[in-house]
Amino acid sequence: ASPLYELDDAMGVVQHHDGVSGTSKQHVAYDYAKRIAGGMNKANSFVTDALRKLLLNSNEGVLDNLTYCLLNNETICTVSQEASREGSKEDIYVIVYNALAKERHEVVSLPIDSSSYDFVEKLGGEQSDWVPVKSSVLPNANYAQVIGAASDIMHFEAKDIPPLGASVFRVSRLEDEVLSSTSIPAVPRNLRRSVQNDM
Amino acid sequence: GDEIVMSNDILSVTFDQSTGVITSITNLRDGITVNVEQQYGFYKSAFKDAPMNFVEDNDNFKGDGKCLPGYTDAEGDEYPWLVGSAENWQNSGAYIFRPTIDQKLHNLPPKRAQSVVVYNSGLVKEVHSVFGQGGWIKQIARLLPGKDFVEIEYIVGPVPIDDGGKEVVSKWTTSIASDGQFFTDSNGREFQKRKRGDHNVFGPDQPNSDEPVSGNYYPVNSIFIEDTVHSFGCVVDRSQGGASLTDGTLELMIQRRTLYDDARGVGEPLNETDIGITPNPPYDNAERLGEGVIVKGHHRMIVGKGGSGASKMRGIMDSVFSQPHVFVASAPSGTA
């Protein structure tokens with residue numbers, strides 16, 4: 001009956017050596033993927049609900065679209081991409097969960113569809129104080145030709161994520177006058193294209 | 001100049017600007033520099049163009065792994081690329097990795113990279129390189145603040161299949177005097193010491209070896225070589241095959257595309273073919289097969305002092321194998 005069972009079950013099935021080594025027939029490989037995706041979808045809604053209750057003490061109506069970006073590694077995350085497009089008046093909230101039993105520092109990458117610079121803050125000790133963190137936005141080369149991949153990738157520093165715990169970050173749009181003081185724009189230098197392009 | 005140098009607080013990495021490959025990695029904290037020759041290449045897959053049904057219902061074609069160099073069939077046709085004979089042949093395929101008889105790693109021509117782009121931001125630094133004819137191998141070398149590894153994001157494919165199949169490899173050549181030894185860990189818990197030619201049957205050191213390459217491949221989640229002065233290794237993001245076929249070298253198989261079934265049970269080539277037929281011969285109707293996928297993966301390359309290979313690898317395994325889980329939401333600005 002657990003909402004995590006379907007994922008558990010799928011991972012059990014994929015322990016077959018064909019699943020682990022990728023030596024199955026093609027349609028079997030698709031079946032493994034389908035089972036895992038089904039399990040992940042179930043687990044996603046359960047875990048996001050739990051996180052929302054645990055971290056945000058929220059009642060209904062706050063951060064309803066909290067979701068686990070399954071295709072983050074393919075630079076696709078509809079929630080952050082939509083919220084980052086020009087003209088959007090939304091902030092992006094990111095919950096970074098650390099499953100290790102030790103504190104960790106990581107650079108988290110977030111697919112966004114805007115190269116203008118956003119401002120990242122981490123929710124500090126008190127609910128109300130947000131502390132700026134280092135961030136930068138780099139263009140997504142999308143060498144894997146993924147359809148729907150984000151145009152840019154925001155990287156931000158997630159320090160001191162607690163063991164078996166999570167940190168909350170907020171990404172908001174920078175107003176122009178703040179730009180120069182907070183983050184350094186990436187300087188693309190293509191050694192092969194003309195200087196004009198570099199400008 | 002003709003070099004690109006990028007660094008973070010722990011590492012400094014030098015690239016050859018014309019080829020886009022890494023030429024040295026320095027661990028600033030340990031005061032260790034390993035000069036490397038980075039390359040991508042492929043082994044050609046061994047195959048015999050026997051039609052599928054012939055293979056399957058003729059048991060003695062299953063072969064027993066013993067191979068004779070070269071092969072000529074009853075009609076006197078030469079199959080120089082094959083390792084084996086009518087009685088003992090074996091295709092490279094899902095279960096079997098078998099390069100052609102030359103056992104040669106074919107470098108990707110041409111040597112100059114198609115393009116090299118550098119991104120230098122206050123947080124993440126990246127060097128993008130596009131290799132080979134057709135640019136089917138691309139690489140983003142990335143340095144992250146506070147991390148003691150160079151993150152190599154490789155993007156491979158679709159792998160061209162004009163030569164009957166490829167086993168694509170990322171290879172690093174250093175001057176480390178590894179003395180025929182390397183260490184692999186495939187369960188994230190315990191390194192095994194590997195000695196080249198261990199199987200007493202395979203290995204370039206064995207004069208009568210027929211499988212010097214595949215016979216020295218082992219399952220890898222992390223792999224390293226070391227001597228008294230340097231250690232050099234890699235933590236992968238998914239299980240791969242890896243080896244150290246000559247002293248000072250490390251190689252990992254990052255993609256395979258084979259056109260033949262190896263008759264070991266799958267009944268299909270490793271070609272994302274969902275129509276399940278095998279071409280005969282492959283060259284003229286390869287286009288009827290699956291288009292081939294583009295895969296993306298990550299290698300984390302680490303440099304350290306001699307004897308520190310295991311602890312260096314072990315030190316980042318947990319965070320590499322258990323990435324942070326990222327949950328995202330949006331709300332009107334200023335709400336929360």
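Residue numbering restarts at 1 for every chain, and letters A, B, ... go by the order of the sequence lines.
- Put simply, of B/Ile140, B/Ile294, B/Leu123, the one with the most heavy-atom pairs under 4.5 Å next to chain A is B/Leu123.
- Of all the listed residues (B/Arg238, B/His128, B/Glu153), the one sharing the greatest number of non-hydrogen pairs under 4.5 Å with chain A is B/His128.
- The closest donor-acceptor contact from the side chain of B/Lys296 to the backbone of A/Tyr143 lies at 3.5 Å or more, if one exists at all.
- B/Glu126 touches chain A through its side chain: at least one heavy atom from C-beta onward sits under 4.5 Å away, while N, CA, C and O do not.
- Of all the listed residues (A/Thr48, A/Asp18, A/Asn98), the one sharing the greatest number of non-hydrogen pairs under 4.5 Å with chain B is A/Asp18.
- The CD atom of B/Gln323 sits 9.5 Å away from the CG atom of A/Asn73 when rounded to the nearest 0.5 Å.
- Between A/Leu63 and B/Ala331, the shortest heavy-atom contact is CD2-CB, 3.9 Å.
- Of the atoms belonging to B/Lys125, not a single heavy atom falls under 4.5 Å from chain A.
- A/Val107 touches chain B through its side chain: at least one heavy atom from C-beta onward sits under 4.5 Å away, while N, CA, C and O do not.
- Residue A/Lys42 places its NZ atom among 12 or fewer non-hydrogen atoms of other residues, nucleotides or ligands, all under 6.0 Å distant.
- Atom CZ of A/Arg173 sits about 8.5 Å away from atom OG of B/Ser333, to the nearest 0.5 Å.
- Only the backbone of A/His105 comes within less than 4.5 Å of a heavy atom in chain B; its side chain stays farther off.
- Residues A/His155 and B/Ser121 fail the side-chain proximity criterion, which asks for heavy atoms closer than 4.5 Å.
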> For A/His17 and B/Tyr95, what are the C-alpha separation, side-chain angles and deciding distance, and is it a side chain to side chain contact (heavy atoms under 4.5 Å, CB included)?
Replying inline: CA-CA 10 Å; A/His17 66 260; B/Tyr95 284 114; 3.3 Å; yes
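- Residues of residues 74-87 of chain A lying under 4.5 angstrom from chain B, judged on non-hydrogen atoms, are A/Glu74, A/Cys77, A/Val79, A/Ser80, A/Ala83 by number.
- A pairwise comparison of heavy atoms in B/Val124 and A/Ser136 identifies N-OG, 4.1 Å as the closest pair.
- We find the OH-OG distance between A/Tyr97 and B/Ser322 to be 9.0 Å, quoted to the nearest 0.5 Å.
- Residue contact with chain A, scored on non-hydrogen atoms closer than 4.5 Å, is absent for B/Val156.
- Among pairs with a residue in residues 135-153 of chain A, none fulfils salt bridge (charged side-chain N to carboxylate O under 4.0 Å, His left out), at least two apart in sequence or across chains.
- Taking NE2 of B/His325 as the reference point, atom CD1 of A/Ile161 lies at 11.0 Å (rounded to 0.5 Å).
- Here the CD1 atom belonging to A/Ile153 is positioned 10.0 Å from the OH atom belonging to B/Tyr119, to the nearest 0.5 angstrom.
- Only the side chain of A/Val108 comes within less than 4.5 Å of a heavy atom in chain B; its backbone stays farther off.
- Minimum interatomic distance between B/Val328 and A/Leu110 (heavy atoms only, all atoms of both residues): CG2-CD1, 3.7 Å.
- Interface summary for chain B: among A/Gln145, A/Lys102, A/Lys134, A/Arg104, the most heavy-atom pairs under 4.5 angstrom belong to A/Arg104.
- Counted within 6.0 Å of CD1 on A/Ile147, heavy atoms from surrounding residues, nucleotides or ligands total 12 or fewer; the atom is thus considered open.
- Nearest heavy-atom pair, B/Ser319 versus A/Glu106, reported as atom, atom and distance to 0.1 Å: CB-OE2, 3.6 Å.
- Of all heavy-atom pairs spanning B/Leu270 and A/Gly22, the tightest one is CD2-O, 3.9 Å.
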